[in-house]
Amino acid sequence: MSIAETGLGLIGLEGMVVAPSTLVFIVLGLTLAAFIWGRFRYDLVALAALLSSVMLGLVPAESAFMGFGHPAVITVAAVLVLSRGFERSGVVDIISNQVLKVGENLFLQLLVLVGTVLVLSGMMNNVGALALLLPVAMRLAREHNTSPSLLLMPLAFGSLLGGLTTLIGTPPNIIISSYRGEVTGESFSMFSFAPVGVVVALVGLAFIVMIGWRLTPKRSGQASTDEMFDTANYLVELKVGEESKAKGLTLQQLRDELDETIPVLAVVRDDNRRAGYNFHGTLQEGDILLLEAGPDELQLLEDKAGLSAIAERDEEAEPAESEQATTDDDAAVGKKDAKQKEAAKERKPVDTEGLQLIEAVVRNDSMMINRSVRQLRLNHQFGLHLVAVARDGGRLKQRLRDIRFQNGDILLLQGSENEISESLSSLGCLPLASRELHLGQPRKLVMSIVIFALAIMAMLFDLLPAAVAMSSAALISLLIGVLPLREGYQALDGPVIVLLAAMIPVGEALETSGGADLIASQLLYFGTDWPVVVTMVGLFLLSMLLSNVVNNAAAALLMAPIAVSLANGFNVSLDPFLMVIAVSASCAFLTPIGHQSNTLVLGPGGYRFGDYWKLGLPLSLVVLAVAIPMILVVWPL
């Protein structure tokens, strides 16, 4: 039983008393500080906040884990599964395939990319929509020599704007709808958010395409993964000699001997090449290893394994005219040096084609964060070789085994073509390299659309609640094979689910302890001499700032009780205040940490932390200027 329920209301601390509302503020203050610090992942922080609230008596122990069965959590989970089903069935691939035909005009590229992600984000998880179009944007940038930084930030912000348009577009909408249902007995419907959300999204799209993209920093060259991972300047061929210690060792034994994670990309034997991840035999005299290594690693390979470099990759780039046999310089060097040069020219370097190198970005919910290659057992458990890592638009030069991964890192990996997709999904990485788009099976494509449409109809006609309709659609998709069961479970974003389930009881504690009423009373005190709309603007700004430092779902959970208390204090309708929270909580445009979409484009775009507000601040003001009048028109006080 909570403190509030026992009627005690206060607890003693060395002669002093602490009110439950004060305890809630302390817990929430520490929670927000931990979110901003970022040392621990947000789901662990939220779980710690929940358990602390239980121990302090702010949340009844028997209700601590009721959040895992909350309709908002179930709906979010179902939408994640359906989003993955759309991806697998080929619905989005058809759209993406058309986007690639847009041409080299930057205005059209932005219009089509941002417009497409805006529409997709309304029908599926906005992070999923961005993840599907991110490789398309990278491919457009490369094919038309456009800086990726001009496309990726607008694309990320477009995914946030698109989520405003429907109930399932973003978790804050689902949370606000469920909260309204608890307070009034009637939740928002599927398209209740559309009148405001669509107008805001379209105005935001127009601003980004016509003006906003000019405010994004142009990171020319930095964001090009072709330049960051210019392996031609690093790949070397090492030969196994008669006296080499590496002779008779497997590649894994060689790595153990070196105590280093230097990736062997290929082994050449008798002019036959086998990819390193697929070579399981022992090394023999005369074998040639193709690997990526800098000067320090080369010295290590020579000292510990007896391997000698026989060619540098950049030798093949010598101009043809340098192959003339007779020059004054060659004559001066001497016969011996001339023979060595001629031998180097005649040697055929190993080609990297077909080595299955892939680029991927580390998501902010990835299991790789703050862990090293060895801790992850990247090779043994996932069958992947780490070739290089780029961070903040540049390639990291430190030893691979010493790197602890961060969200937004771009990785150059090698692995089996058949398994690399599943491995990246398990690790929490998003493939970036340009890839061919494969259309799904027509039957599954049609079935996925029909299932989703039926779920929407059931919600529109109030036949089923959102959680039941979406869960039924997800279940049917799994049963008929639109999505394999294994991928269905992989689609569930565990950290987000735990965050929502843990913060829902904490948010309720803010209300039951009187904390929400206390904040609302202070806002009412300062706003008594001003129109209600001014308080709504202040509430919008507060919620928007909060969403830029914590997860947007957490911001919605914390601000919803305050919004309701404010509406009751002004004796006006709850709906406009709840809509203010729904819109503002999804406007995390100022920082790369406010939303996963922003984090995903940080590395590929070569952005810095301070780049986001340059476009994000004007866009936030545009959204504010459009949203408040639209809310008052559609949802009058």
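Relative orientation of the Phe188 and Trp635 rings is perpendicular, given thresholds of 30° and 60° on the angle between their planes.
Side-chain contact of Ser423 with Ser426: a donor-acceptor pair under 3.5 Å is absent, judged by distance alone. Side-chain polar atoms of Ser159 and Ser121 form no donor-acceptor pair below 3.5 angstrom. Under the 3.5 Å distance criterion, with hydrogens and angles disregarded, no donor-acceptor pair is assigned to the side chains of Ser547 and Asn552.
With a 4.5 Å cut-off on side-chain heavy atoms, Val564 and Arg180 do not count as touching. Looking only at side-chain heavy atoms (C-beta outward), Leu133 and Leu120 come within less than 4.5 Å of each other. Taking the side chain as every heavy atom from C-beta outward, Pro505 and Met66 never approach each other to under 4.5 Å. Between Leu546 and Leu542 the shortest side-chain heavy-atom distance does not fall below 4.5 Å. Taking 4.5 Å as the limit, some side-chain heavy atom of Met503 sits within range of a side-chain heavy atom of Leu558. Residues Leu82 and Met124 form no side-chain contact, since every pair of their non-hydrogen atoms from C-beta on lies 4.5 Å or further apart. Two residues are said to be in side-chain contact when any heavy atoms from C-beta on lie closer than 4.5 Å; Phe68 and Ile74 fail this criterion. Contact annotation: the side chain of Val601 approaches that of Leu134 to within less than 4.5 Å [non-hydrogen atoms, C-beta and beyond].
Shown here for Pro629 and Leu624, the closest heavy-atom pair between the two residues is CD-O, 4.2 Å. The two residues Ala137 and Leu152 have their closest heavy-atom pair at CB-CD2, 3.7 Å. The nearest pair of heavy atoms linking Leu578 to Ala560 is CD2-O, 4.3 Å. Minimum heavy-atom separation, Ser53 to Val506: OG-CG2, 4.0 Å. Closest approach of Asn173 to Ala582, counting heavy atoms only: OD1-CB, 3.7 Å.
Between the Asn598 side chain and the Ala588 main chain, a donor and an acceptor come within less than 3.5 Å of each other. In this structure, Thr591 contributes its side chain and Asn548 its backbone to a donor-acceptor pair below 3.5 Å. For the pair Ser177 (side chain) and Ile174 (backbone), a donor-acceptor distance under 3.5 Å is absent. Between the side chain of Ser178 and the main chain of Ile175, no donor-acceptor pair closer than 3.5 Å is present. The main-chain N or O of Gly181 is never found under 3.5 Å from a side-chain atom of Thr184 such that the two would form a donor-acceptor pair.
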Derivation of the side chain to side chain contact (heavy atoms under 4.5 Å, CB included) call for Phe540 and Ile581: CA-CA 7 Å; Phe540 190 104; Ile581 301 302; over 6 Å; no
Residues Leu460, Phe191; criterion side chain to side chain contact (heavy atoms under 4.5 Å, CB included); working and verdict: CA-CA 8 Å; Leu460 283 176; Phe191 295 106; 3.4 Å; yes
Intermediate values then yes/no, side chain to side chain contact (heavy atoms under 4.5 Å, CB included), Ile456 and Met123: CA-CA 10 Å; Ile456 298 300; Met123 295 294 108; 5.7 Å; no
Residue pair Val81, Tyr489: steps toward the side chain to side chain contact (heavy atoms under 4.5 Å, CB included) verdict: CA-CA 8 Å; Val81 174; Tyr489 279 107; over 6 Å; no
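Put simply, CG on Leu58 and OG1 on Thr512 are 7.5 Å apart, with the number rounded to the nearest 0.5 Å. Summarising the geometry, atom CG belonging to Leu161 is positioned 10.0 Å from atom CG belonging to Asn126; distances are rounded to the nearest 0.5 Å. Distance check: Ser597 OG to Met153 CE gives 12.5 Å after rounding to the nearest 0.5 Å. Taken from CE in Met367 to CD1 in Ile369, the straight-line distance is 11.0 Å, to the nearest 0.5 Å. A distance of 8.5 Å separates CD1 in Ile26 from CG in Leu56, rounded to the nearest 0.5 Å. The CZ atom of Phe382 sits 4.0 Å away from the CG atom of Leu427 when rounded to the nearest 0.5 Å.
If you run side-chain contact (heavy atoms from CB on, under 4.5 Å) between Leu118 and each of Leu205, Leu164, Ile208, only Leu205 comes through.
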